[in-house]
Number of protein chains: 2
Amino acid sequence: MTESKLVDEMNSSSTLDAIEQMILRISWLAQRQFIQLLDDERFNLTLTQFYTLLHLAQTNGECKMSDLAEATQQSAAALTGVVDRLLDKQLVERTRHERDRRQVMVQVTPRGLALIAEIRQARREQIHAALGHLPAADTERLLELLEGVLVGMSRILERSEAGRLA
Amino acid sequence: MTESKLVDEMNSSSTLDAIEQMILRISWLAQRQFIQLLDDERFNLTLTQFYTLLHLAQTNGECKMSDLAEATQQSAAALTGVVDRLLDKQLVERTRHERDRRQVMVQVTPRGLALIAEIRQARREQIHAALGHLPAADTERLLELLEGVLVGMSRILERSEAGRLA
DNA sequence: TGGTATACTCAACATTGTTGAATATCTATA
DNA sequence: TATAGATATTCAACAATGTTGAGTATACCA
């Protein structure tokens, strides 16, 4: 910080409230902007399709439908339709588990992997355009703080999931 | 920063790429979490309804449909349906412009204002739960950096809108 | 007055999401 | 070995959102 202030050790409410306001605005803008990018003729994916495919791309090998549903925060019923469409586009393959025939396994295809790579490249270019002008020290600090945000968010998500199961 | 490093003045690609990865994960979690909150029986709003109502709540008085559509990044056709549902819930009122009878004006009702206030209070509690454990210095720095992010994002949004019109 | 632009809604369709029922398969037990 | 119950997934019916293109009403200009 450039200037020393008389700050409490504790978080002041007003800072967190301002962060709430800021996150409201950034989230909406970021989401809309990303949807627009995904709508490009090169990609032509919905947000849900992207995040579903992303998880598969980051998974080594096959993924069980129910695991995929939990990881992407969708219901099993909703996921069925999403995977149907990814299948139409030949971005994933669907097979049955060899031993437990109830389980449906999904796996990303090379084509799906290539598409995810393309999209993330385009996304990185957007990020560079948006944040490239900031000093390196700022972006490094931002990364550290975002890590803290992710940890905090995961924590309250776990709590609410625990509550749902209880 | 805790440790001095040999860093360029320029942004390193790897930091921005890590931020891209982090934003992907945080955005999805945050969105899903917020949708879940809005789905609560007290609120019962969709994400789109919330952001539409939020803009009206932050507007003084009436708002033209086309302005509202642009501000919330929706097409006019999509907005018509969203406002229909807000109307059903008595959260907004719809009138015609007195002089230019083509224009449809929308205004939030006291009930709508109260709902937005309730939701934002619940949201603030979530933010406190997620980030309250961070030192005050961190949250203050985070706020500053998020302001920078918002500026950067608005800039590239403007550029893409300019491109669309061109 | 007539023609064109503007503001919005409507219609038809695709995608996503919900809930609850249906189907298939596995597992444990009598 | 039947079979009852648990588990994994899909299907069906519906609501909300989003897209595009057509339709309607109003304003403005010549």
Side-chain angles (χ1 to χ4, degrees), chain A residues 28 31-41 43-53 62-89 91-107 164-165, chain B residues 28 31-41 43-53 62-89 91-107 164-165:
Chain A
W28 186 250
Q31 202 220 36
R32 289 280 142 172
Q33 199 172 287
F34 193 28
I35 288 174
Q36 219 174 301
L37 177 68
L38 290 175
D39 199 40
D40 185 290
E41 55 184 3
F43 311 137
N44 195 34
L45 284 185
T46 66
L47 202 59
T48 303
Q49 286 167 8
F50 171 78
Y51 275 101
T52 304
L53 196 56
E62 300 179 321
C63 185
K64 216 175 94 178
M65 282 292 283
S66 41
D67 291 344
L68 184 55
E70 193 190 336
T72 56
Q73 306 270 309
Q74 307 174 70
S75 68
L79 182 59
T80 295
V82 173
V83 169
D84 281 350
R85 265 138 238 140
L86 291 176
L87 210 59
D88 290 345
K89 298 177 187 169
L91 302 173
V92 301
E93 278 172 355
R94 186 152 54 179
T95 53
R96 290 249 166 214
H97 191 282
E98 292 194 0
R99 276 165 305 173
D100 188 340
R101 310 289 301 165
R102 290 170 305 180
Q103 293 180 26
V104 172
M105 311 303 288
V106 191
Q107 183 164 21
R164 216 189 306 155
L165 300 177
Chain B
W28 187 248
Q31 200 220 37
R32 291 279 143 172
Q33 199 172 287
F34 193 30
I35 288 175
Q36 218 174 301
L37 177 69
L38 291 174
D39 198 40
D40 184 291
E41 56 185 1
F43 310 137
N44 195 33
L45 284 184
T46 66
L47 201 59
T48 303
Q49 286 168 9
F50 170 78
Y51 276 101
T52 304
L53 196 55
E62 300 180 321
C63 185
K64 218 174 95 178
M65 282 292 281
S66 41
D67 291 345
L68 185 54
E70 192 190 336
T72 56
Q73 304 271 309
Q74 306 173 71
S75 68
L79 183 59
T80 295
V82 173
V83 169
D84 281 348
R85 265 138 237 142
L86 291 174
L87 210 59
D88 289 344
K89 298 179 186 168
L91 301 173
V92 302
E93 278 171 354
R94 185 153 53 181
T95 54
R96 290 248 166 217
H97 190 281
E98 292 193 359
R99 276 165 305 172
D100 188 341
R101 310 289 301 163
R102 291 171 303 179
Q103 293 181 26
V104 172
M105 310 304 287
V106 191
Q107 182 163 23
R164 217 189 305 156
L165 299 177

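By convention in this document, chain letters (A, B, ...) are assigned in the order of the sequence lines, proteins followed by strands, and residues within each chain are numbered from 1.
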query = Do the ring planes of W28(B) and Y51(A) sit parallel (below 30°), tilted (30 to 60°) or perpendicular (above 60°)?
reply = parallel
task = Nearest-nucleotide wise, let me know which of G81(A) and D100(A) is further upstream toward the 5' end of DNA chain C.
result = G81(A)
remark   = Side-chain atoms of R94(A) come closest, of dT10(D), dG18(D), dT9(C), to dT10(D)
query = DNA chain C: A77(B) or K89(A), which has the more 5' nearest nucleotide?
reply = A77(B)
request  = Using only heavy-atom distances, decide whether a donor-acceptor pair under 3.5 angstrom links the side-chain of R102(A) to the base of dT9(D).
outcome  = no
inquiry  = If I take atom CZ in residue R85(B) and atom C1' in nucleotide dG17(C), what distance separates them, rounded to the nearest angstrom?
reply    = 14 Å
inquiry  = What's the closest nucleotide to the side chain of S66(A) if the choices are dT9(D), dA7(C), dG18(D)?
reply    = dT9(D)
ask   = Any sub-3.5 Å donor-acceptor pair from K89(A)'s side-chain atoms to N44(A)'s backbone N or O?
value = yes
request  = For the side chain of R32(B), starting at C-beta, report the closest nucleotide among dG17(C), dT15(C), dT17(D).
outcome  = dG17(C)
message = So if I take every side-chain heavy atom of Q103(A) and compare against dA8(D), dT19(D), dT9(C), which nucleotide ends up nearest?
response = dA8(D)
ask   = Quick check: does any side chain N or O of R96(A) sit under 3.5 Å from a backbone N or O of M105(A), one acting as donor and the other as acceptor?
value = no
inquiry  = Counting the atoms with a prime plus P, OP1 and OP2 as sugar-phosphate, which does R96(B) contact under 4.0 Å by heavy atoms, base, sugar-phosphate, or nothing?
reply    = nothing
task = Please determine, for the side chain of Q74(B), which listed nucleotide (dT10(D), dT15(C), dG18(D)) has the closest atom?
result = dG18(D)
task = Grab the CD-P distance between Q31(B) and dT17(D) for me, whole Å please.
result = 13 Å
ask   = Rounded to whole angstroms, how far apart are CG on L68(B) and P on dT9(C)?
value = 11 Å
key: Side-chain N,O (S75(A)) to OP1/OP2 (dT18(C)) below 4.0 Å   = yes
ask   = Would you say T46(A) reaches dT15(C)'s phosphate, i.e. side-chain N/O to OP1/OP2 under 4.0 Å?
value = no
request  = Flag the pair F50(B) / F43(B) as yes when at least one side-chain heavy-atom distance between them is below 4.5 Å, and no otherwise.
outcome  = no
ask   = Can you check the N44(B) CG to dA15(D) P distance for me, whole Å?
value = 14 Å
task = For the residue pair E62(A) and T95(A), confirm or rule out a side-chain donor-acceptor distance under 3.5 Å.
result = yes
request  = Return the value, rounded to whole Å, for the distance between atom CZ of R99(B) and atom P of dA7(C).
outcome  = 15 Å
query = Counting heavy atoms not belonging to E93(B), are there more than 12 under 6.0 Å from its CD?
reply = no
query = R101(B) has a side chain; which of dT18(C), dT26(D), dT10(D) sits nearest to it?
reply = dT26(D)
inquiry  = In whole Å, I'd like the distance from the CG atom of L45(B) to the C1' atom of dT17(D).
reply    = 14 Å
note = Walking DNA chain D from its 5' end, the first of M65(A) and L79(B) to be reached, judged by nearest nucleotide, is M65(A)
inquiry  = Checking contacts here: which listed nucleotide (dT15(C), dT17(D), dT9(D)) is nearest the side-chain heavy atoms of K64(A)?
reply    = dT9(D)
key: Whole angstrom value for the distance that separates C1' of dG18(D) from CD1 of I35(A)   = 10 Å
key: Atom-to-atom span, CG of L38(B) to P of dT17(D) - whole angstrom   = 11 Å
task = Please determine if a side-chain N or O atom of T48(A) lies less than 4.0 Å away from the OP1 or OP2 oxygen of dG17(C).
result = yes
